[in-house]
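Data first, discussion second: the structure below is written as structure tokens.
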Amino acid sequence: MTETQTQVTWLTQDAHDRLKAELDDLVAQRPAIAQKINAAREEGDLKENGGYHAAREEQGVMEARIRHLQELLHTAKVGETPTESGTAVPGTVLTVRFEGDDDTETFLLGSREEGSAGSIEVYSPNSPLGSALIGAKAGDTVSYDLPDGGSMEVTLVSAEPYSP
């Protein structure tokens, strides 16, 4: 027996509103896709009916996106931007320095969906780097696993509340 954990996703109000509008639009398109499928089905042999298969594939992609958005919006923590500086939590803009590098990198610790409309790079709190940094304080050095099996150290230079 497996137990599923619900993952809370941090979103700004703007991102939530944008994703809700996308969801509403996709749900409104359902009848049109169903009509396309029915029209293609009436053309005859389904084995060789490219229009039917294309419409079914389009429906599958759309339904997957609807389910993803519904789950995301259901578990979203909206508009609650952290107020404290200095600790890496979802909703903060982190400046980090990677081991062996003098330059710093700045990114938002939040949902991928958050970054699709913004100008700042977004790292998920569930990513190897994001999960290693959660709870770190400015000045802390943490290590995380790389895809090739190695590990990398990164120092949290600063953590500031996100403001769009």
Side-chain angles (χ1 to χ4, degrees), residues 1-38 54-98 103-147 152 154-164:
M1 183 169 161
T2 60
E3 186 179 314
T4 58
Q5 256 187 340
T6 302
Q7 203 70 41
V8 175
T9 304
W10 178 85
L11 293 173
T12 61
Q13 188 65 52
D14 286 345
H16 180 274
D17 294 346
R18 182 174 34 80
L19 295 172
K20 177 73 170 110
E22 180 185 349
L23 175 61
D24 292 344
D25 183 54
L26 288 172
V27 168
Q29 290 178 34
R30 277 178 165 163
I33 295 291
Q35 189 174 20
K36 250 188 189 175
I37 292 171
N38 286 335
R56 287 296 306 249
E57 187 171 326
E58 183 182 353
Q59 180 187 42
V61 169
M62 186 176 81
E63 289 299 323
R65 181 67 178 161
I66 286 172
R67 283 190 304 278
H68 173 74
L69 289 173
Q70 286 173 331
E71 178 66 20
L72 185 70
L73 293 171
H74 177 72
T75 61
K77 185 175 181 180
V78 181
E80 297 176 26
T81 303
T83 55
E84 301 287 319
S85 294
T87 303
V89 294
T92 53
V93 175
L94 306 182
T95 301
V96 298
R97 181 175 297 108
F98 290 93
D103 295 333
T104 59
E105 237 182 86
T106 301
F107 57 89
L108 171 63
L109 191 59
S111 168
R112 273 192 338 224
E113 303 289 348
E114 187 67 50
S116 63
S119 60
I120 190 168
E121 191 168 354
V122 179
Y123 284 50
S124 168
N126 301 325
S127 69
L129 175 59
S131 61
L133 285 166
I134 292 282
K137 306 233 181 286
D140 288 354
T141 298
V142 297
S143 179
Y144 68 99
D145 294 330
L146 298 172
M152 170 71 73
V154 63
T155 301
L156 180 62
V157 177
S158 69
E160 299 297 328
Y162 175 68
S163 61

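Quick note: numbers below take in every heavy atom, side chains included, and nothing from hydrogens, waters or symmetry partners. The residues of the chain are indexed from 1 along the displayed sequence.
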Exercise. Mind running side-chain contact (heavy atoms from CB on, under 4.5 Å) on Leu69 and Leu26 for me, showing each step along the way?
Key: CA-CA 10 Å; Leu69 289 173; Leu26 288 172; 4.0 Å; yes
Side chains of [X] and [Y]: does their closest heavy-atom pair fall under 4.5 Å?
| X | Y | answer |
| --- | --- | --- |
| Phe98 | Thr155 | no |
| Arg30 | Ile66 | yes |
| Leu133 | Val142 | yes |
| Glu121 | Leu108 | no |
| Leu19 | Leu73 | yes |

[atom1]/[X] to [atom2]/[Y] distance, rounded to the nearest 0.5 angstrom?
| X | Y | atom1 | atom2 | answer |
| --- | --- | --- | --- | --- |
| Glu160 | Glu84 | CD | CD | 11.0 Å |
| Ile33 | Gln35 | CD1 | CD | 10.5 Å |
| Gln59 | Gln29 | CD | CD | 12.0 Å |
| His16 | Leu23 | NE2 | CG | 9.5 Å |

Exercise. Could you walk me through whether Lys36 and Glu58 pass the salt bridge (charged side-chain N to carboxylate O under 4.0 Å, His left out) test, one step at a time?
Key: CA-CA 10 Å; Lys36 250 188 189 175; Glu58 183 182 353; 2.9 Å; yes
Practice problem: Could you tell me whether Gln70 atom CD has more than 12 heavy atoms of other residues or ligands within 6.0 Å of it? | Solution: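 Counting neighbours around CD of Gln70, more than 12 heavy atoms of other residues, nucleotides or ligands fall under 6.0 Å, so yes.
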Can you see which heavy atom on [X] is nearest to which on [Y], and at what distance?
| X | Y | value |
| --- | --- | --- |
| Thr87 | Lys137 | OG1-NZ, 3.3 Å |
| Ser143 | Ala132 | O-CB, 3.8 Å |
| Leu156 | Ala88 | CD2-CB, 4.0 Å |
| Ala138 | Val157 | CB-O, 3.6 Å |
| Pro125 | Gly110 | CD-O, 3.4 Å |
| Leu109 | Ile134 | CD2-CD1, 3.6 Å |

Quiz prompt | Pair Arg97-Asp103, side-chain contact (heavy atoms from CB on, under 4.5 Å): steps then yes or no | solution = CA-CA 6 Å; Arg97 181 175 297 108; Asp103 295 333; over 6 Å; no
Practice problem: With side-chain contact (heavy atoms from CB on, under 4.5 Å) as the test, would you mind laying out the steps for Phe107 and Leu94 before giving the verdict? | Solution: CA-CA 5 Å; Phe107 57 89; Leu94 306 182; 3.8 Å; yes
Practice problem: Go through the steps for Thr141 and Val154 under the test side-chain contact (heavy atoms from CB on, under 4.5 Å), then give the verdict. | Solution: CA-CA 6 Å; Thr141 298; Val154 63; over 6 Å; no
Exercise. Give a yes or no on whether a salt bridge exists between Glu22 and Arg65, defined as a side-chain N under 4.0 angstrom from a carboxylate O.
Key: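 A salt bridge is present here (some side-chain N lies under 4.0 Å from a carboxylate O).
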Quiz prompt | Donor-acceptor pair, side chain of Thr75 and main chain of Glu71, under 3.5 angstrom | solution =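 At least one qualifying donor-acceptor pair exists.
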Practice problem: Decide whether Thr106 and Thr95 meet the rule of one side-chain donor and one side-chain acceptor closer than 3.5 Å. | Solution: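 A pair is found: one side chain offers a donor N or O, the other an acceptor, under 3.5 Å apart.
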